[in-house]
Chemist: 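The structure is given below, and queries will be raised subsequently.
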There are 2 protein chains.
Amino acid sequence: MAYDSAATRARLLDAAYGEFVERGLAGARVDRIAAAAQANKQAIYAYFGSKEGLFDAVLAARLSVLADEAPFDPDDLPGYAGSLFDALAATPGLIRLTQWSRLERADATPGEIESHQEKARAVREALKLPDDLAATDILEIVIAIATTWSNMPPGLKAARGVSASARQQVHRATVVAAAKAVCQAL
Amino acid sequence: MAYDSAATRARLLDAAYGEFVERGLAGARVDRIAAAAQANKQAIYAYFGSKEGLFDAVLAARLSVLADEAPFDPDDLPGYAGSLFDALAATPGLIRLTQWSRLERADATPGEIESHQEKARAVREALKLPDDLAATDILEIVIAIATTWSNMPPGLKAARGVSASARQQVHRATVVAAAKAVCQAL
DNA sequence: CCTTTCCAACCATCTAGTTGGTTTAAACGA
DNA sequence: TCGTTTAAACCAACTAGATGGTTGGAAAGG
């Protein structure tokens with residue numbers, strides 16, 4: 001059997017994603033990650049340097065994927081809210097990973113900050129706002145609206161007599177309507 | 001010096017709040033909590049049973065305080081959003097504690113679920129909505145809007161030339177306006 | 001033969017929880 | 001009233017693992 005370091009690295013990233021989504025950085029165990037990836041623990045340190053390095057690599061990779069799945073459109077923030085909702089509904093681990101990162105790392109990554117600033121500038125131009133601060137407020141509120149469902153604990157989502165899929169669609173419609181209302185009002 | 005178990009318990013809860021806010025359940029250390037409380041580690045197990053029991057006690061106590069500081073008013077959701085914003089701005093640790101809990105515990109506590117259901121029913125009546133699900137959506141979206149600022153990493157909040165206090169007031173006004181827009185539209 | 005990739009055991013430290021006491025002050029009986 | 005007993009509160013050391021990271025190799029293939 002030939003060695004394949006790219007395959008090992010990819011399996012480690014996938015296994016690490018699962019472990020970090022579930023337990024965060026402090027709660028994750030490198031032994032479990034290695035076992036799930038069917039790789040040796042030492043490979044984690046060879047490829048990523050440390051447990052924290054692995055976490056940062058996973059986060060960067062997954063945020064990049066999310067950006068592809070929910071492309072940003074400053075001229076259609078309600079539409080963006082809807083597609084962001086869809087992307088997060090399709091991969092529920094993503095919001096958890098982001099939340100762990102917010103809690104366990106000191107600040108957003110430079111990539112996240114830069115991406116946010118680009119979006120804020122685009123929103124400012126699209127909505128003819130006075131400054132980047134107002135754009136930041138609207139942008140972050142729209143994102144908060146879009147992620148409300150993903151952030152809700154299961155106990156608050158429970159709904160008798162309605163399928164999960166139908167319930168989710170109703171919420172999606174509310175998200176888009178709320179985002180639209182916010183954009184028109186501000 | 002007389003023993004005072006009530007005082008020891010209170011100091012442990014305060015010290016634990018600081019430690020859990022900063023590092024969550026898995027990342028917190030009972031030795032650090034005991035040291036910060038100037039109490040013996042064994043007292044934690046005597047009063048709370050376990051590290052997890054301590055976490056749950058801290059969460060219950062702090063959510064109770066928040067409910068007092070931001071009283072719920074179904075007839076004035078924009079006003080509620082504003083006062084929730086104020087309460088969280090005054091004690092930034094609270095949103096972090098809630099986030100750790102969402103990630104590290106399986107579901108919302110029974111108290112949180114019951115409190116949410118009461119609020120949803122009140123919103124349904126106040127806004128003449130067809131069902132509790134629509135009320136849940138509006139309620140959770142309003143709360144998401146109110147907590148946007150507290151959930152933002154420092155790197156996204158940065159604003160040159162504006163004091164933090166002024167920046168926060170501007171955002172607060174946007175929160176209330178957004179909540180109002182959402183309530184009127186849905 | 002050499003480099004890359006991988007392995008299993010190891011290490012030094014950390015950790016939640018336990019234990020066998022000591023200290024404090026109230027209760028009690030002579 | 002005072003000495004002893006008792007219960008509550010507290011202490012420091014301990015235990016039995018767990019853990020991130022390292023090391024001295026072996027395996028694979030160019």
Side-chain angles (χ1 to χ4, degrees), chain A residues 1-61 96-97 100-101 103-106 109, chain B residues 1-61 96-97 100-101 103-106 109:
Chain A
M1 174 74 69
Y3 288 145
D4 188 347
S5 66
T8 304
R9 194 174 188 285
R11 289 199 315 278
L12 282 169
L13 282 170
D14 282 347
Y17 171 77
E19 178 79 0
F20 287 136
V21 157
E22 178 72 18
R23 301 168 186 268
L25 176 57
R29 297 288 171 259
V30 286
D31 277 355
R32 278 203 297 260
I33 293 172
Q38 289 182 317
N40 192 265
K41 178 164 66 167
Q42 181 271 334
I44 292 175
Y45 300 94
Y47 297 137
F48 306 100
S50 66
K51 187 186 184 187
E52 286 184 10
L54 177 56
F55 184 90
D56 291 341
V58 167
L59 185 64
R96 283 178 62 87
L97 188 69
W100 282 118
S101 170
L103 288 169
E104 295 187 296
R105 314 302 267 135
T109 68
Chain B
M1 174 72 69
Y3 289 144
D4 187 346
S5 67
T8 304
R9 193 175 189 284
R11 290 199 314 277
L12 282 170
L13 282 171
D14 283 347
Y17 171 77
E19 178 77 3
F20 287 138
V21 157
E22 179 70 21
R23 301 167 185 269
L25 177 56
R29 296 288 172 261
V30 285
D31 276 356
R32 280 202 297 258
I33 293 171
Q38 289 181 319
N40 193 264
K41 177 165 66 166
Q42 180 272 334
I44 292 176
Y45 301 94
Y47 296 136
F48 305 100
S50 67
K51 188 186 184 187
E52 286 183 8
L54 177 56
F55 184 89
D56 289 343
V58 167
L59 184 65
R96 283 178 61 87
L97 188 67
W100 284 117
S101 170
L103 289 169
E104 296 186 296
R105 315 302 266 136
T109 67

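Proteins get letters first, then strands, A, B, ... in listed order; numbering begins at 1 in each. Keep in mind it's a predicted model, so treat the numbers as computed, not measured.
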Chemist: With heavy-atom distances below 4.5 Å as the criterion, would you say the side chains of L25(A) and E52(A) are in contact?
Modeler: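 Of all side-chain heavy-atom pairs linking E52(A) with L25(A), at least one is under 4.5 Å.
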
Chemist: Please report, rounded to the nearest Å, how far the P atom of dT19(D) is from the CD atom of E52(A).
Modeler: 17 Å

Chemist: Which nucleotide in the set dG17(C), dG20(D), dC6(C) lies at the smallest distance from any side-chain heavy atom of K51(B)?
Modeler: dG17(C)

Chemist: What's the closest nucleotide to the Q42(A) side chain, out of dT22(D), dG21(D), dA16(C)?
Modeler: dT22(D)

Chemist: Base, sugar-phosphate, or nothing: which does A34(B) touch, judged by heavy atoms less than 4.0 Å apart?
Modeler: nothing

Chemist: Does A46(A) reach a base, just sugar-phosphate, or nothing at all? Heavy atoms under 4.0 Å.
Modeler: nothing

Chemist: Do any N or O atoms from the side chain of E19(A) and from the backbone of V30(A) form a donor-acceptor pair under 3.5 angstrom?
Modeler: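 No; zero donor-acceptor contacts below 3.5 Å.
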
Chemist: Reckon A28(B) touches a base, only the sugar-phosphate, or nothing at all at heavy-atom distances under 4.0 Å?
Modeler: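 Sugar-phosphate: the residue A28(B), judged by heavy atoms under 4.0 Å, touches backbone atoms but no base.
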
Chemist: Return the value, rounded to whole Å, for the distance between atom CD1 of I44(A) and atom C1' of dT19(D).
Modeler: 12 Å

Chemist: Could you check if a side-chain atom of L13(A) sits within less than 4.5 angstrom of a side-chain atom of F48(A), using non-hydrogen atoms only?
Modeler: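 A side-chain contact under 4.5 Å exists here.
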
Chemist: Starting at CZ of R11(A) and ending at P of dT5(C), how long is that distance when rounded to a whole Å?
Modeler: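 In whole Å, dT5(C) P and R11(A) CZ are 14 Å from each other.
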
Chemist: Does any non-hydrogen side-chain atom of R96(B) lie less than 4.5 Å from one of R23(B)?
Modeler: no

Chemist: When you measure only distances, ignoring hydrogens and angles, does the side chain of N40(A) come within 3.5 Å of the base of dA8(C) through a donor and an acceptor?
Modeler: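 A donor-acceptor contact between them is present.
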
Chemist: Has the side chain of D4(B) got a donor or acceptor that lies under 3.5 Å from a partner of the other kind on the base of dA9(D)?
Modeler: no

Chemist: Could you tell me how far apart R9(B) (CZ) and dC10(D) (C1') are, to the nearest whole angstrom?
Modeler: 16 Å

Chemist: To the nearest Å, give me how far apart CG (L12(A)) and C1' (dC7(C)) are.
Modeler: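 Taking CG of L12(A) and C1' of dC7(C), I get 14 Å after rounding.
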
Chemist: So which one's nearest nucleotide on DNA chain D is more toward 5', G49(A) or G27(A)?
Modeler: G27(A)

Chemist: Select one nucleotide: of dT23(D), dG17(C), dA8(D), the one nearest the side-chain heavy atoms of Y3(B).
Modeler: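 That would be dA8(D).
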
Chemist: Between dG20(D), dC10(D), dT23(D), which nucleotide gets closest to the side-chain atoms of Y45(A)?
Modeler: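 Of all the options, the side chain of Y45(A) is nearest to dG20(D).
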
Chemist: Please report the distance, rounded to the nearest Å, between CG in L25(B) and P in dG17(C).
Modeler: 9 Å

Chemist: Does dA8(D) have OP1 or OP2 sitting under 4.0 Å from an N or O in the side chain of S5(B)?
Modeler: no

Chemist: Answer yes or no: is there a side-chain heavy-atom contact under 4.5 Å between D56(B) and T109(B)?
Modeler: no

Chemist: Does dC6(C) have OP1 or OP2 under 4.0 Å away from a side-chain N or O of T8(A)?
Modeler: yes

Chemist: Ignoring backbone atoms, test whether R29(B) places a side-chain nitrogen or oxygen under 4.0 Å from the OP1 or OP2 oxygen of dA16(C).
Modeler: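 R29(B) to dA16(C) OP1/OP2: side-chain N or O found under 4.0 Å.
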
Chemist: Take atom CG of D31(B) and atom P of dA12(D), then tell me their distance rounded to the nearest Å.
Modeler: 12 Å

Chemist: Using the side-chain heavy atoms of K41(B), tell me which of these nucleotides is nearest: dT18(C), dC10(D), dA8(C).
Modeler: dT18(C)

Chemist: Measuring only between side-chain heavy atoms, which start at C-beta, is F20(A) closer than 4.5 Å to L54(A)?
Modeler: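 Yes - at least one pair of side-chain heavy atoms lies under 4.5 Å apart.
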
Chemist: Any base atoms under 4.0 Å from F48(A), or only sugar-phosphate, or nothing? Heavy atoms, all strands.
Modeler: nothing

Chemist: Output the rounded distance in Å from CG (L54(A)) to P (dG20(D)).
Modeler: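 For the pair L54(A) CG and dG20(D) P, the rounded distance is 11 Å.
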
